[in-house]
Amino acid sequence: MTEVVTETPVRTRWMVAYALAMIGVAAGWFGPIQILLPEHAARLAGEGGKESLLALVTAVGAGASLIANPLWGVLSDRMGARRRPIFVAGTVVGVAGLLVLSAADSRALMMTGWVLVQVGLNGPLAALAAMIGDRVPERQRGTVGALFGVAQIVGVVLGTALAVAVGQGAPGYIAVAVAVPALGAALLLLRDGHDGRGVARVAAGPTNWSVLLRPGAQFAWAWVIRFLLNLVNALVLVYLFYYLSDRVGVTDAATWVLILTVVNVLFAGLFGFAGGVLSDRWQRRKVFVVAAGVILAAGTTLMALFPVVAVVIVASVLVGAGWGAYVAVDMAVITHVLPDAETRATMLGVANIAGTLPQLLAPVVAAPIVTRLGGYPALYLLTAGFAVLALLCLPRLKALS
């Protein structure tokens with residue numbers, strides 16, 4: 001293996017282009033989930049079958065996503081760490097999927113379109129994640145990693161806003177399909193590397209992949225921590241609508257979901273970006289993971305014990321702040337413990353499973369607890385327990401400051 005390591009800082013315009021590209025990917029990914037897919041399912045299956053159809057489509061898409069991200073990473077690493085072709089190819093497939101959805105008049109076509117979106121957009125997601133390890137010096141990885149996370153939050157809002165502004169059905173899908181490549185274009189138009197200056201390059205063709213793909217203990221512990229904190233976030237959100245209506249007793253649960261989502265997003269974005277900058281300035285990552293675990297545990301405990309509107313708002317602030325504190329250093333932590341530069345994109349794909357798998361597991365974990373094993377207090381106390389468990393794993397991450 002040969003690698004040219006650069007400590008040349010990335011410029012602001014590269015960071016802006018990078019963030020725009022991530023916003024586009026997130027808009028294409030999450031925009032349909034918020035509004036377009038639920039409306040599409042209701043149109044095809046009617047009121048009696050919309051929940052089942054939506055669950056089936058999203059579950060199959062999530063399963064495809066679990067497989068696709070590591071495969072895109074393997075392909076990228078096999079190409080000698082060239083990320084742009086992966087970014088372009090994945091975007092093309094994802095946009096094709098959105099266009100299939102715009103014309104889907106059957107359940108099978110709807111599922112096909114969403115699987116294409118999931119498989120395709122994992123390409124640019126894998127490429128963008130790998131670029132942090134390829135091109136960003138260690139001293140800037142908190143800032144750029146925070147941009148990676150915060151841009152996803154902004155993309156959710158943008159995708160939802162497009163669906164609302166343009167309209168549901170085909171116009172919404174087409175608007176998102178245009179936004180994804182448009183926002184990614186700036187990154188592709190920049191010259192290679194740090195605006196043409198020193199790029200970290202890896203020689204093509206790793207010699208012994210059975211050795212290079214061994215994750216190592218430090219990567220494994222970082223994966224577990226990422227999995228647990230993503231599971232906390234997923235469990236908070238999975239039955240939020242029903243928690244508000246059945247446990248808190250609000251009369252308009254949909255409006256309150258929107259309010260709490262906005263609160264969560266605002267504080268996650270604020271703490272995410274500020275935390276990323278501070279983590280680079282201090283060159284410390286663990287303290288932000290500790291803060292995230294403590295704050296998330298506090299917020300979910302409040303939801304468990306005090307189901308009243310005022311307290312739930314405070315809990316949403318805490319959950320958003322805690323999630324932002326983790327997002328601030330998430331990518332910096334993962335890229336720091338990658339086992340080998342030659343398998344960077346592949347192992348980041350494996351790491352991304354720790355973010356996707358909780359979305360599949362959350363309903364499986366939550367449903368029996370809510371219905372038979374203690375209800376929402378038990379669910380959110382268990383969620384707080386997962387946050388504490390992540391903290392207990394942190395001392396094992398000895399490679400991190």
Side-chain angles (χ1 to χ4, degrees), residues 21-38 40-41 53-77 83 86-101 104 107-131 148-149 151-153 155-156 159-160 173 176-177 180 184 223 226-231 233-235 237-238 327 330-331 334 344-365:
M22 188 63 243
I23 289 170
V25 173
W29 205 321
F30 296 106
I33 291 177
Q34 297 291 101
I35 292 178
L36 297 175
L37 287 178
H40 202 157
L53 177 58
L54 181 62
L56 177 63
V57 170
T58 53
V60 171
S65 179
L66 281 175
I67 299 169
N69 198 289
L71 290 181
W72 281 115
V74 169
L75 181 60
S76 179
D77 286 331
R83 312 302 182 194
I86 299 301
F87 187 98
V88 172
T91 299
V92 169
V93 175
V95 168
L98 288 165
L99 296 178
V100 169
L101 283 168
R107 301 181 185 200
L109 204 54
M110 179 184 177
M111 187 178 299
T112 299
W114 187 239
V115 167
L116 284 173
V117 171
Q118 291 282 292
V119 170
L121 293 185
N122 265 288
L125 180 66
L128 288 167
M131 284 178 190
F148 182 86
Q152 292 183 53
I153 297 170
V156 174
T160 304
Y173 286 124
V176 175
V180 173
W223 192 99
R226 176 185 256 201
F227 171 81
L228 288 170
L229 293 180
N230 273 276
L231 184 57
N233 194 51
L235 287 172
L237 298 176
V238 63
V327 164
D330 175 38
M331 289 302 297
I334 288 294
R344 180 174 287 140
T346 304
M347 297 310 295
L348 281 170
V350 174
N352 285 337
I353 293 174
T356 306
L357 187 58
Q359 307 304 318
L360 287 175
L361 292 180
V364 177
V365 173

- For Ala68 and Val119 the tightest heavy-atom approach is CB-CA, 3.9 Å
- For Val92, check side-chain contact (heavy atoms from CB on, under 4.5 Å) against everything at least two apart and list the hits. Val88
- Residues in side-chain contact (heavy atoms from CB on, under 4.5 Å) with Asp330, at least two apart? Arg226, Tyr326, Ile334
- Message: Could you walk me through whether Leu37 and Leu101 satisfy the side chain to side chain contact (heavy atoms under 4.5 Å, CB included) test, starting with their C-alpha distance in whole Å, then the side-chain angles of each, then the deciding distance to 0.1 Å, before giving a yes or no?
- Response: CA-CA 9 Å; Leu37 287 178; Leu101 283 168; 4.3 Å; yes
- Indicate yes or no for a side-chain donor-acceptor contact from Trp29 to the backbone of Asn122 under 3.5 Å, with no hydrogens or angles considered. no
- Task: Measure across Ser65 and Gln118 and return the closest heavy-atom pair with its distance rounded to 0.1 Å.
- Result: CB-OE1, 3.4 Å
- Note on the structure: Shortest non-hydrogen pair, Leu36 vs Tyr173, comes out as O-OH, 3.4 Å
- Task: Would you check if the side chain of Thr112 reaches a backbone N or O of Ala108 as a donor-acceptor pair within less than 3.5 Å?
- Result: yes
- Of all the heavy-atom pairs spanning Ile353 and Leu66, show the shortest one and how long it is. CG2-CD2, 3.7 Å
- Note on the structure: Checking Leu128, Thr91, Leu75 against Ile86 for side-chain contact (heavy atoms from CB on, under 4.5 Å), the one that qualifies is Leu75
- Message: Measuring from atom CG of Leu71 to atom CD1 of Ile67, what distance do you get when rounded to the nearest 0.5 angstrom?
- Response: 7.5 Å
- In short, Pro32 meets Ala27 closest at the heavy-atom pair CD-O, 3.5 Å
- Message: Just to verify, what does Val100 make a side-chain contact (heavy atoms from CB on, under 4.5 Å) with, not counting sequence neighbours?
- Response: Leu109, Leu116
- Message: When you compare the side chain of Leu53 with that of Met111, does any pair of heavy atoms fall below 4.5 Å?
- Response: no
- Item | Leu125 backbone acceptor or donor facing Trp72 side chain under 3.5 Å | no
- Message: Show the nearest heavy-atom pair for residues Val350 and Trp223, with the distance to one decimal.
- Response: O-NE1, 2.9 Å
